[in-house]
Structure formats: structure tokens, C-alpha cells
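These figures come from a predicted structure and were not determined experimentally.
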Amino acid sequence: MQIIHRGQSQLPQVIDAMFNIDQLEAESTRLDEKIRNFAGKIEDLVAENQRVTQDQDKYLAHYTQLEARYQKTLGRKQAIDAEIAAKNAKATAIKTAYSPLADRPIQSFQPSQWTALIDHAVIGVDKIRFIFRTGTKITVSIG
């Protein structure tokens, strides 16, 4: 059950495409800039409050608003970074399981390869449907 094209497996390229993190990394970088921007605005606001007498209720409302936006952006950045780490870990696990299989038939069943790649299989009378951890489904006729 190998994806073959011109004699070579394209599974590594498929794995790379499935676990591509380019957009997530770009979003993480964009959020880094927003976080620095909010931090700078907060620092400027505090510094101005120390230099200039102003209505403390307005200052506190503005500070609270900036701090809330900073925290929300920081939380989003942490979620994106966690998603990047999870995708990288899954891709590494699948590539590690695939590595011994590359360009040669399976000699013996290895449970670690099964669990790294396959979520579950549905066995029918004349076919088996494999559902991979990525959600991809492949049906193989038997008999």
C-alpha cells in the first residue's frame, strides 16, 4: 500500500504537504509583531502617565483595553505555536515510521508503524478501508 509515481514513493512529499506549517509560521511572526506593538503602546502609556497628570479613570480604561488586547494576541500566538509543534511532532512520527519502509516491501509487521500511521481499519467481506491519522482513507480490495 505504497503511493508510487515513476518508481519512487511520494509519501514524504505528501506528508510534508499535509503537515505544512508555512501559513502558521507566517501567522506566528505576524502575531509576534502585534505583541511587540501592544507592549510598546503599554510602555508608552505608562511612561506618559508618569510624566503628565491625567484622568486616572481614563488612563486605567485605556491601559486595561491595551492589556486585554495584548493578552488575547499572546494567547492566540501560544495556540499557533502549539499547533506548529503538534504538526511537527506528527510529521516526524509518521516519517520515522515510514523510514524503514521506504523503497522496499514490508518484511514483517511492526506495531509501531501501524499506530504511527493508521487510526483504524474497517474490514468488509471483500475490502479493507484504512483510515489514517490524518483523516485520509484508502480502500484495498481483498480476495
Side-chain angles (χ1 to χ4, degrees), residues 1-124 127-142:
M1 183 178 24
Q2 205 175 28
I3 300 170
I4 302 288
H5 180 70
R6 296 186 191 152
Q8 288 190 340
S9 171
Q10 289 192 325
L11 188 57
Q13 292 84 359
V14 171
I15 292 168
D16 287 342
M18 289 172 50
F19 293 101
N20 185 303
I21 57 170
D22 291 346
Q23 285 183 317
L24 291 172
E25 286 179 332
E27 177 70 3
S28 179
T29 300
R30 188 184 71 75
L31 290 170
D32 272 337
E33 182 61 34
K34 281 184 81 169
I35 289 167
R36 281 192 296 277
N37 188 19
F38 282 129
K41 286 181 179 182
I42 291 170
E43 288 174 8
D44 291 347
L45 184 66
V46 170
E48 181 182 353
N49 189 51
Q50 291 173 344
R51 286 190 321 271
V52 179
T53 303
Q54 53 186 305
D55 182 329
Q56 290 301 295
D57 290 335
K58 287 182 181 179
Y59 162 78
L60 186 57
H62 191 205
Y63 178 88
T64 302
Q65 177 192 24
L66 284 174
E67 177 67 19
R69 292 173 66 194
Y70 171 86
Q71 290 299 330
K72 182 179 178 182
T73 305
L74 187 61
R76 176 75 178 130
K77 164 94 167 92
Q78 290 168 341
I80 293 282
D81 289 347
E83 188 175 348
I84 290 170
K87 279 189 167 201
N88 281 334
K90 286 178 185 178
T92 298
I94 289 173
K95 286 177 183 177
T96 300
Y98 168 74
S99 181
L101 305 175
D103 300 324
R104 61 182 179 270
I106 298 172
Q107 299 297 317
S108 62
F109 174 76
Q110 298 293 324
S112 62
Q113 293 165 346
W114 175 270
T115 57
L117 298 173
I118 307 290
D119 182 61
H120 66 281
V122 178
I123 301 172
K127 61 186 171 186
I128 301 175
R129 186 175 55 189
F130 295 96
I131 294 85
F132 290 81
R133 292 195 177 277
T134 61
T136 303
K137 298 174 185 173
I138 295 176
T139 300
V140 178
S141 296
I142 53 177

Can you establish whether the number of heavy atoms outside Gln23 located under 6.0 Å from its atom CD is more than 12?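 At most 12 heavy atoms, drawn from other residues, nucleotides or ligands, come within 6.0 Å of this atom.
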Going by side chain to side chain donor-acceptor pair (under 3.5 Å), name the residues that satisfy it together with [X], two or more places apart in sequence or in a different chain.
X: Arg30; value: Glu27
X: Glu67; value: Gln71
X: Thr73; value: none
X: Glu33; value: Arg36

If you define the side chain from C-beta out and look only at heavy atoms, does anything of [X] sit under 4.5 Å from [Y]?
X: Val46; Y: Tyr59; result: yes
X: Asn88; Y: Phe19; result: no
X: Leu45; Y: Lys41; result: no

Partners of Asp32 by salt bridge (Lys or Arg N to Asp or Glu O under 4.0 Å), sequence neighbours excluded?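 Result, salt bridge (Lys or Arg N to Asp or Glu O under 4.0 Å) vs Asp32: Lys77.
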Once you round to the nearest 0.5 Å, how far does [atom1] of [X] lie from [atom2] of [Y]?
X: Lys90; Y: Lys87; atom1: NZ; atom2: NZ; value: 8.5 Å
X: Ile42; Y: His62; atom1: CD1; atom2: NE2; value: 9.5 Å
X: Ile21; Y: Asp81; atom1: CD1; atom2: CG; value: 10.0 Å
X: Glu83; Y: Glu25; atom1: CD; atom2: CD; value: 11.5 Å
X: Leu31; Y: Lys72; atom1: CG; atom2: NZ; value: 11.5 Å
X: Ile142; Y: Ile123; atom1: CD1; atom2: CD1; value: 7.0 Å

Closest non-hydrogen atom pair between [X] and [Y], with its separation:
X: Ser28; Y: Ile84; result: CB-CD1, 4.3 Å
X: Gln54; Y: Asn49; result: NE2-CA, 3.1 Å
X: Ile131; Y: Val122; result: CD1-CG2, 4.1 Å
X: Ala121; Y: Phe130; result: CB-CD2, 3.9 Å
X: Ile80; Y: Leu24; result: CG2-O, 3.4 Å

What pairs of residues pass the salt bridge (Lys or Arg N to Asp or Glu O under 4.0 Å) test when at least one of them lies in residues 43-60, not counting sequence neighbours?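 Found none.
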